[in-house]
Structure formats: structure tokens, C-alpha cells
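The first residue of the sequence shown is numbered 1, and numbering continues consecutively from there. No hydrogens, no waters, no symmetry mates; every other heavy atom, side chains included, goes into these values.
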Amino acid sequence: MGQGQPDTRSRIQGAATALFRRNGYSGTGLKRIATEADAPFGSIYHFFPGGKQQLAEETIRTSGAAYGRMVLALLESVADPVESVTHAFEAAARDLAANGYTDACPIATVALEVASTNEVLRVATADVFEEWVGAGAQWFGRWVSDPTTARSLACSMIMILEGAFVLSRAARDPEPLRVAGRSMAELLRAALERPAGD
């Protein structure tokens, strides 16, 4: 493998991540990815012989894992779990506003688009969401002893976050994310105050 190949591959994947995130699967062409990556068009098929679908699947899985690690790092950055949840949503609100309401979740745009049209990509997005739920359930499980409640909180956090992204992007206003953070904090507070065994 030549010296420039990993760099070219990573540029292609980085460009694809940004474009799929912003424009969806159908709205992103391979020529545009090559242009944005400053890579020869043929290099896409060199690194991704399966073409656009293979590139999209790898992009979903890679960017999804990276996003999950980033969210967990945000949650870990504040000791109190309720404050931590509020902090994570506030950070999402600031980031979304700072990037002009164009980039939110790295996989949601594609997930909505391909749910009933492309099984390979549907499975990839479902797998990423499940990884996020599993990691979130582990995090909530540090404070909530019931595994079912911890998983429910993780699912709720993802659903509330994704819905808040949609509202914030449509309104071009970070406030829905702040409201969502307060709602999620209340859910967690209620779970923490619930007597064990309830």
C-alpha cells in the first residue's frame, strides 16, 4: 500500500461522512465526494469496490461509533449524572448553532431515507443505534440499578436528542435542544428517586 493511500481513503471517508450527514444518501453523488475529498474519482472504487453503498455503510458505522464515543465523553465530563445530561444537550445546542444548523446526528438523515429502501444501510443504521443504546444503558446503569430502566433511559435520551435536532434545525433555534435536555434530566431524576424494586 502506497504512502498516500491511507490519506486518500480517509479523505474520501471524511468527505462522504459530511455529505451523507448533510444531504442524505440519494442527495450525495460520488463525483461530489471525490471533489470534496480532492481525490481521483477512480480511487473511490479502489478503496470501496462496492461503490456508493459500501462507502455509505462504512461511513455510517465509522462515524456512528465516533459520535457515540463523543457523547459518552461529554457525559463523563461532569460528575453528577443529572447535570451531565443537561450539559451534553447544552453542548449539542451550542454545536448545532455554531455550524449553522447543517450538521447534527451523523446517521439520522440516511437512516430516515433508507429505512424502507436499502436493507444494507438500514441494518447499518440500526446497528449503530443499538450500539448507542447499549453504551447509554451501561452509563445510566452506574446510577440506576434496574437494567430495564437503564436501557429505557438510554433509548429515551437518543429519541429525545434526535427529535430535538429535527425541531432545532427546522426552527434554526437551539432552544428545543435545551428543552430536551431539561426533559431528559427530569426523566433521570425521577428514575434516581424511585425506590429500588419499583
For the residue pair [X] and [Y], establish whether any side-chain heavy-atom pair is separated by less than 4.5 Å.
X      : Y      : value
Phe89  : Arg178 : no
Trp132 : Cys105 : yes
Pro174 : Leu96  : no
Phe20  : Lys52  : yes
Thr109 : Arg21  : no
Leu153 : Leu188 : yes
Leu177 : Leu161 : yes
Gln13  : Phe47  : no

Is there a path from [X] to [Y] through hydrophobic residues (I, L, V, M, F, W, Y) whose side chains come within less than 4.5 Å of each other?
X      : Y      : answer
Phe41  : Leu55  : yes
Leu74  : Tyr67  : no
Met70  : Ile60  : yes
Leu192 : Met184 : yes
Met159 : Met157 : no

Can you name the nearest heavy-atom pair linking [X] to [Y], along with the distance?
X      : Y      : answer
Thr125 : Ile107 : O-CD1, 3.9 Å
Ala154 : Val133 : CB-O, 3.4 Å
Ser63  : Thr17  : CB-CG2, 3.7 Å
Ala150 : Val144 : N-CG1, 4.2 Å
Ile33  : Ala15  : O-CB, 3.8 Å
Gly64  : Val128 : CA-CG1, 3.7 Å

Go through the steps for Glu58 and Arg9 under the test side chain to side chain contact (heavy atoms under 4.5 Å, CB included), then give the verdict.
-> CA-CA 12 Å; Glu58 289 194 31; Arg9 189 183 202 283; 2.8 Å; yes
Any Lys/Arg nitrogen of Arg182 or Glu175 sitting under 4.0 Å from an Asp/Glu carboxylate oxygen of the other?
->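 Salt bridge: yes.
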Pairing of Asp127 and Arg61 as salt bridge, 4.0 angstrom limit |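 Yes.
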Got a second to check how far [X]'s [atom1] is from [Y]'s [atom2], nearest 0.5 Å?
X      : Y      : atom1 : atom2 : result
Ile160 : Leu187 : CD1   : CG    : 5.0 Å
Cys155 : Phe129 : SG    : CZ    : 11.0 Å
Arg189 : Arg194 : CZ    : CZ    : 13.5 Å
Ile44  : Gln54  : CD1   : CD    : 11.5 Å
Leu19  : Tyr25  : CG    : OH    : 13.5 Å
Arg172 : Leu167 : CZ    : CG    : 14.5 Å

Checking the side chain of [X] only, and the main-chain atoms of [Y] only, is there a donor and an acceptor separated by less than 3.5 Å?
X      : Y      : value
Ser168 : Asp173 : yes
Thr35  : Lys31  : yes
Ser152 : Thr148 : no
Arg169 : Tyr101 : yes
Arg11  : Ala37  : yes
Asn99  : Asp95  : yes
Thr28  : Asn23  : no

Apply side chain to side chain contact (heavy atoms under 4.5 Å, CB included) to Tyr45 and Leu30, showing your working.
-> CA-CA 10 Å; Tyr45 286 97; Leu30 290 181; 3.2 Å; yes
Using a distance-only test with no angle check, is there a side-chain donor-acceptor pair under 3.5 angstrom linking Gln53 and Glu57?
->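 No - no donor-acceptor pair under 3.5 Å links their side chains.
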So, Glu113 and Ser26: side-chain donor and acceptor under 3.5 Å apart, yes or no?
->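 There is such a pair between these side chains.
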Can you give each donor-acceptor pair under 3.5 Å made by side-chain atoms of residues 78-85, sequence neighbours left out, with the distance rounded to 0.1 Å?
| from | atom 1 | to | atom 2 | distance (Å) |
| --- | --- | --- | --- | --- |
| Asp80 | OD2 | Val82 | N | 3.1 |
| Asp80 | OD2 | Glu83 | N | 2.8 |
| Ser84 | OG | Leu75 | O | 2.5 |

